[in-house]
Amino acid sequence: MNNRNPDVILLSSPTSVDDAPYLSGKELNRTVGHNSGNLAFIYAIDKQLGSSLPRMYRHDDPDAINSTPYSTAVIPCANHLGIHQDLGGEAENFSKIEKRMVSIGLGAQADANMKDLPDLPAGSVRWLKELSERSNGDAPNISVRGEYTLRLLEKYGVANKAVVLGCPSLHINPDRKLGEKIAEAAERPVRRVAVPSGHYRWRHLWSLEHSLIALVEQTHGSYIIQSPEEMFQGYRGEWDEIAPESKQLMAEAIGRSPEDEASVRAWYRAYSSAIFNVPAWMNYMRDFDFVIGPRIHGVMLALQAGVPAICIAHDSRTLELCQTMRVPYVRPGDLSEGVTLGNLRRLFDFDPSAFDERRKELREGYSRFLEGNNLNFEL
């Protein structure tokens, strides 16, 4: 694919980790921005704007960014907005960058009721202002995940610079009838299941996670690690690098005794996996008949590969994306008996026509958004 936007630089982590075989779990975690799911939407943006775009980090020296010949900085975003982080340092960097800016995929993080809007730290409010002021005239230059994030931007006076577009990972697969393909695949027997894993510190989801783990074991499936560092280290077999308290929680999270570390190590070796290249990840998903778990981008890559998938929407960042993009989801409260091979089909509430129509609507909106920022978008 040719670079249709030669005047653009990405300010982001990488689209893939080509040296993943040589990196430690700690290095992998840092390289992917603390969640390998980030690769999905960064890869999507790069692919849709032309592929192999030049790239720097948002926190790089502003003078170094300004010295590049590119006029527009595209910033792939995730759940940046919330009480969990203060973006003041990035805001200070932004104030010194002399480029137009386009933010794609910005989301708010809160609990799953999405009723109360968080009070952002002062640095994050400044970050939003700096970003919105670097648009192409009056055109919106911030794409957000859903209506909840848009309401948060309205609270801080920048909603006029934003538009709801979900996540660009929705458009990786160019097939206009992808929903139909997913629905057809859902009619086939479910023999193997993959689970985009949770987080070993999400105690409130442990009982649900145990049912997902049982499903992986029952179907000789795969437990796909996306975060955090310690779980990457477990996948790598670097158990001596993990703190004792974390090892105990990791054992309990998969339903094993902390006293039997050998069993925990053996389980990770038998069932855990991690992928650091998006096409390879999607191809790996095709080895499974169904995917279910709490990681939205692990679910998205399965759907883009034509594999039936369900997101367990446990917070605003996952629920908002699922609702915006018509991605099949269930809430943890609806799974009192856990997930079993017998209830997967009942949980898979999927309308292929609505999914395909929503993809069309968001694709057209995405194209208009990018055109308004002098960017070309093509699938």
Side-chain angles (χ1 to χ4, degrees), residues 1 12-18 20-21 28 31-33 35-53 76 78 104-105 166-186 188 190-197 216 219 221-227 232 235 271-312 318 321-322 325-329 348 350 352 355-356 358-359 362-363 366 378-379:
M1 186 181 293
S12 73
S13 51
T15 60
S16 68
V17 186
D18 295 338
L28 287 170
T31 302
V32 298
N35 189 326
S36 60
N38 292 335
L39 298 173
F41 59 83
I42 297 171
Y43 168 85
I45 291 169
D46 182 64
K47 179 175 184 282
Q48 290 149 9
L49 294 182
S51 291
S52 301
L53 295 175
I104 299 176
C167 179
S169 61
L170 183 66
H171 311 294
I172 292 175
N173 189 329
D175 190 340
R176 299 298 195 258
K177 295 183 178 180
L178 179 59
E180 292 182 17
K181 303 291 176 57
I182 294 169
E184 290 172 5
R188 296 195 284 267
V190 178
R191 296 187 176 90
R192 297 191 71 205
V193 176
V195 171
S197 73
V216 167
T219 66
S222 181
Y223 191 67
I224 303 170
I225 307 298
Q226 291 187 207
S227 176
F232 281 131
Y235 159 71
Y271 294 108
S272 73
S273 58
I275 310 100
F276 301 96
N277 173 280
V278 171
W281 193 335
M282 291 172 60
N283 194 54
Y284 182 59
M285 291 295 88
R286 293 175 65 89
D287 291 341
F288 302 91
D289 305 298
F290 214 100
V291 173
I292 182 169
R295 299 286 186 179
I296 180 64
H297 287 104
V299 168
M300 288 300 297
L301 292 180
L303 293 172
Q304 292 302 296
V307 178
I310 300 172
C311 180
I312 298 174
T318 50
L321 278 174
C322 289
M325 300 187 295
R326 308 297 187 266
V327 167
Y329 73 92
F348 187 60
F350 182 64
F355 178 77
D356 285 339
R358 186 57 172 160
R359 284 185 84 217
L362 291 173
R363 184 171 61 248
Y366 192 20
E378 193 174 305
L379 289 178

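Everything numeric in this text was worked out from a predicted model, so none of it was measured.
- No side-chain heavy atom of I104 sits less than 4.5 Å from a side-chain heavy atom of F41.
- Ring centroid separation for the pair F232 and F276 comes in under the 6.0 Å cut-off.
- A donor-acceptor contact closer than 3.5 angstrom is absent between the side chains of Y43 and S169.
- To the nearest 0.5 angstrom, I224 atom CD1 is 6.0 Å from Y284 atom OH.
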L178/F355 under side chain to side chain contact (heavy atoms under 4.5 Å, CB included): CA gap, chis, key distance, verdict: CA-CA 8 Å; L178 179 59; F355 178 77; 4.2 Å; yes
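- Listed here is the closest heavy atom pair of N35 and G37: OD1-N, 2.8 Å.
- Distance check, rounded to the nearest 0.5 Å: OG1 of T15 to CG of L39 gives 7.5 Å.
- Taking all atoms of both residues into account, the shortest heavy-atom contact from A305 to M285 is CB-CB, 4.2 Å.
- The salt bridge (charged side-chain N to carboxylate O under 4.0 Å, His left out) check on R358 picks up E361, with sequence neighbours excluded.
- Atom CD1 of residue I275 and atom OG of residue S16 lie 13.5 Å apart, to the nearest 0.5 angstrom.
- Here the NZ-CZ distance, from K177 to R359, works out to 13.0 Å after rounding to the nearest 0.5 Å.
- Taken to the nearest 0.5 Å, the CG atom of D175 stands 8.0 Å off from the CG atom of D356.
- Side chains of L303 and V327 form a contact here, defined as non-hydrogen atoms less than 4.5 Å apart.
- Minimum heavy-atom separation, I42 to S13: CD1-OG, 3.2 Å.
- Using a 4.5 Å heavy-atom threshold, the side chains of F350 and I182 count as touching.
- Summarising the geometry of G221 relative to Y271, their closest heavy-atom pair is O-CD2, 4.0 Å, with the distance given to 0.1 Å.
- A donor-acceptor contact shorter than 3.5 Å is absent between the side chain of Q226 and the backbone of S36.
- What you find for I172 and A44 is that their closest heavy atoms are CG1-CB, 3.7 Å.
- Inter-residue side-chain proximity for N38 and V32 is flagged as unmet; no heavy-atom pair is nearer than 4.5 Å.
- Annotation: side-chain contact (heavy atoms from CB on, under 4.5 Å) contacts of E184 (sequence neighbours excluded): K181.
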Review item, side-chain donor-acceptor pairs of residues 289-301, under 3.5 Å, at least two apart:
{"unit_1": "D289", "atom_1": "OD2", "unit_2": "R191", "atom_2": "N", "d": "2.8"}
{"unit_1": "D289", "atom_1": "OD2", "unit_2": "R192", "atom_2": "N", "d": "2.9"}
{"unit_1": "R295", "atom_1": "NE", "unit_2": "S197", "atom_2": "O", "d": "2.9"}
{"unit_1": "R295", "atom_1": "NH2", "unit_2": "S227", "atom_2": "O", "d": "3.4"}

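- Inter-residue side-chain proximity for Y223 and S273 is flagged as unmet; no heavy-atom pair is nearer than 4.5 Å.
- Side-chain atoms of R363 never come within 3.5 Å of backbone atoms of H171 as a donor-acceptor pair (strictly under, hydrogens ignored).
- In this structure, I45 CD1 and S51 OG are separated by 12.5 Å, a value rounded to the nearest 0.5 Å.
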